[in-house]
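Before any comments, here is the structure.
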Amino acid sequence: MLTRRTLLGTGALGVASLALPRMTFAAEKADVVIIGAGLSGLHSAELLRELGMTVILLEANDRIGGRVQTVQTVDGPIDVGASQIGRSYARVLDACQRYDLKLISEDRDLLSFGGYIKGAWVDPKTWDTNPLNRTVGDERKINPILMGQAVTAKFNPLKEVDEWLDPKFARYDISLRQLMKRNGYSDAAIELASFSAPGIGIDETSMLRMWQEETRGGVDRRNGPPPPVQQSRDHPFGEANDHNLVDGLASTNNIVGGCQMLPLAMGAKLGEAVRLNRKVGRIEMTGKGATVICTDGSVVSARFVISAIPFSVLRKVEIIASKDNPLQRKAIDTMPYANTARMYVTVEKPFWKEDGLPPSFSTDGPIGMFWAIDNHTGEGRHRAMVVMVGLVAQAISRMEHGEAEAYIQAELVRMRPAAKGLIRLATYKDWLRDPNQLGCGFSLAPGQVNAFGRTLANPWQNLHFAGEHTRRLDFGMESAMESGERTAMEIAALV
Ligand SMILES: Cc1cc2nc3c(=O)[nH]c(=O)nc-3n(C[C@H](O)[C@H](O)[C@H](O)COP(=O)(O)OP(=O)(O)OC[C@H]3O[C@@H](n4cnc5c(N)ncnc54)[C@H](O)[C@@H]3O)c2cc1C
């Protein structure tokens, strides 16, 4: 049996030992122990089982799926995490087919957007001549709510999905603010970009990380017919979809019954190999094998371990190794995580008909964006979402539990008095406050792609790394599946 003493005797460098309970369970054994039952861990498990290996999958939560979560509300199922499946999601689509899940074209077209900036409503069409517009030259024509995205798209030098990791683009491992300064943008343009910057914020995310996402998104768009005119970037996000079917798929698809149907089906096939309510607190590695210890004292020994949990939570797991890996520790400890908090609401009556303002809007204020979803009649009830990302979401997360929803509704009514009494909360989810996630998605700070972005997916002794944050080529759910496949192949090559 491996003990902490023998590990330290061989020169291991562990972080301060966690106060884990004494072992109360007999150690179980498997070829591979996988930590985390999100899509990456589940896909790895299904592939390794197909290769004839025994697998145990440990999940901290009382449900599987991780960032794929469907909440049942009085208004029906709502995906509070991933929901959109693109045409180029080969592995996700294959899994949906294998598990006989039905896809439908996403019915979440957004009604037109306006901007509420510096306390005033601005019309993008007349922004050029608006006295509030202090940008200069060609900048003046850029829709103020899209400044960050517009600059990001304009300077993207990447043509292929793997180029973000190519050292020839190392000089772009900088922030959006640095990119704008390098290219002579005015301070006013930089200020506008700071509230619509993709990633965490204008200073916090590397351009290479932003361009990885954007370049991969381009593949999805190229996989279908040219976008309709309405899609010409006057919406910050989730514009009207192209509902034409190509090979039975729309540009954006949802799973009937909710996205969580996919991890549930994968988990059901894996059966009792998936253990819920097993939060991993420590991983001990010798080079020949590994032992994983959960906070309830249960223990699993295996030849290989796959960490399929975000680095935001892996940094809370004690990792003891007979050979340290300072660069990987740095990646685990310092990779920043973005946040998304969303309030899902029902609008009883289209209040935008009362106040004559655009139904959806983006603001430099504390609630980020309001997305009004087209119900295709223009009358009666509509679904809507308040979407907070980046620094706006971080600020909301600092509020006391339960305060955010009331604050957001009050802020909405302050900006749109006509909305008073017409907003009904369906559900609320803040991914930073979820203790098993601590964020909605990985980021890489300026300088981190060059520091460890190219190596962070490499195995460390018997520990392999899956999860969307270890993506090389893909994005979203597809990147989680990509990483599950990669780790399964890494292990298959070693046995
Ligand atoms: C709001 C939101 C919207 C999104 N929308 C889309 C979309 O429309 N389309 C798309 O393709 N992608 C979308 N994504 C991204 C997508 O959800 C993720 O890329 C993907 O689900 C990540 O899967 P994963 O396996 O890497 O990690 P996760 O899903 O995070 O799985 C990790 C698992 O590890 C568990 N865990 C954590 N700590 C421990 C521990 N110590 N011990 C054991 N288990 C632990 C967690 O409970 C979790 O189940 C969205 C994400 C969010 C947050």
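In listed order, ligands and their atoms are each counted from 1. It should be emphasised that the depicted structure is a prediction, and the values quoted were computed from it without experimental measurement.
What sits closest to atom 37 (C) of ligand 1 on the protein, heavy atoms only, is N436 O, 3.2 Å. Regarding atom 41 (N) of ligand 1, its nearest protein heavy-atom neighbour is V280 O, 3.1 Å. Closest to atom 44 (N) of ligand 1 among all protein heavy atoms lies A60 N, 3.1 Å. Protein heavy atom at the shortest distance from atom 36 (N) of ligand 1 is I309 CG2, 3.5 Å. Summary of contacts: the protein heavy atom closest to atom 15 (C) of ligand 1 is G476 CA, 4.1 Å. Nearest to atom 31 (O) of ligand 1 among the protein's heavy atoms is G38 CA, 3.3 Å. Among protein heavy atoms, atom 29 (O) of ligand 1 sits closest to R67 N, 2.8 Å. Residue, atom and distance of the protein heavy atom nearest to atom 35 (C) of ligand 1 are E59 OE1, 3.3 Å.
K429 NZ: more than 12 foreign heavy atoms inside a 6.0 Å radius. The 12-atom threshold is not exceeded at CD of Q97, counting heavy atoms of other residues, nucleotides or ligands nearer than 6.0 Å.
Checked for salt-bridge contact, E204 and R209 miss the test: no charged N lies under 4.0 Å from a carboxylate O. Residues K279 and D296 are not paired through a salt bridge, judged by the lack of any N-O separation under 4.0 Å between the basic side chain and the carboxylate. Using a 4.0 Å cut-off between charged side-chain N and carboxylate O, R398 and E403 make no salt bridge. Taking the charged nitrogens against the carboxylate oxygens, E468 and R471 do have a contact shorter than 4.0 Å, which makes a salt bridge. Under a 4.0 Å N-O distance rule, the pair E490/R486 qualifies as a salt bridge. Looking at E478 and R91, a side-chain N of the basic residue comes within less than 4.0 Å of a carboxylate O on the acidic one, giving a salt bridge. A salt bridge is defined here as a Lys NZ or Arg NE, NH1 or NH2 lying under 4.0 Å from an Asp or Glu carboxylate O, and D474 with R216 meets this definition. With salt bridges taken as basic N to acidic carboxylate O contacts below 4.0 Å, one links D75 and R424.
Between I255 and M261, the closest heavy-atom pair is CG2-CB, 3.9 Å.
For ligand 1, the polar-atom distance check against E468 finds a nitrogen or oxygen pair separated by under 3.5 Å. Considering backbone and side-chain atoms together, S40 places an N or O closer than 3.5 Å to an N or O of ligand 1. Residue contacts with ligand 1: Y89 is placed with a nitrogen or oxygen under 3.5 Å of a nitrogen or oxygen of the ligand (distance criterion only). Among the atoms of C440, none of the N or O lies under 3.5 angstrom from an N or O of ligand 1. Checked against a 3.5 angstrom limit, the closest N/O atoms of S479 and ligand 1 fall outside it. In terms of polar-atom proximity, Q437 is counted as a contact of ligand 1, with an N or O under 3.5 Å from an N or O of the ligand. Residue V313 places no N or O, backbone or side chain, under 3.5 Å from any N or O of ligand 1. Note: no N/O pair closer than 3.5 Å links W431 and ligand 1 by distance alone. Ligand 1 has an N or O atom lying under 3.5 Å from an N or O atom of Q84, backbone or side chain. Polar contact with ligand 1: absent for A480 (N/O pair, distance under 3.5 Å).
The backbone N or O of A404 lies less than 3.5 Å from no partner atom in the side chain of Y428, so there is not a single donor-acceptor pair. Between the side chain of R315 and the backbone N or O of D333 there is at least one donor-acceptor pair closer than 3.5 Å.
Listed by number with element, the atoms of ligand 1 under 4.0 angstrom from any heavy atom of G36 are 33 (C), 34 (O), 35 (C), 44 (N). Of all atoms in ligand 1, listed by their number and element, those nearer than 4.0 Å to a heavy atom of L58 are 43 (C), 44 (N). Atoms of ligand 1 found under 4.0 Å from any heavy atom of M477, numbered from 1 in the order shown, are 9 (N), 10 (C), 11 (O), 12 (N), 19 (O). Residue I35 approaches ligand 1 through these ligand atoms, each under 4.0 Å from one of its heavy atoms: 42 (N), 43 (C). Less than 4.0 angstrom separates some heavy atom of G65 from each of these atoms of ligand 1: 29 (O). Of all atoms in ligand 1, listed by their number and element, those nearer than 4.0 Å to a heavy atom of L39 are 25 (O). Near K279, with a cut-off below 4.0 Å to any heavy atom, the atoms of ligand 1 are 41 (N), 42 (N). Residue contact check: A308 has heavy atoms under 4.0 Å from atoms 32 (C) of ligand 1.
Heavy-atom distances between R278 and ligand 1 reach below 4.0 Å in at least one pair. Every heavy atom of F475 sits 4.0 Å or more from the atoms of ligand 1. At least one heavy atom of V80 lies less than 4.0 angstrom from ligand 1. Under the 4.0 angstrom criterion for non-hydrogen atoms, G484 is not in contact with ligand 1.
Shown here are the ring-ring contact (aromatic ring centres under 6.0 Å, His included) partners of F304, two or more places apart in sequence or in another chain: H464.
Comparing A82, A338, G441 by heavy-atom distance to atom 50 (C) of ligand 1, the nearest is A82.
With S301 as the partner, the side-chain contact (heavy atoms from CB on, under 4.5 Å) test is satisfied by one option alone out of T291, V292, V33, I56: T291.
For S322 and T286, the side-chain atoms include no donor-acceptor pair closer than 3.5 Å. For the residue pair N339/Q394, the side-chain donor-acceptor check at 3.5 Å is not satisfied.
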Full working for side chain to side chain donor-acceptor pair (under 3.5 Å) between T205 and S443:
CA-CA 6 Å; T205 304; S443 184; 3.2 Å; yes

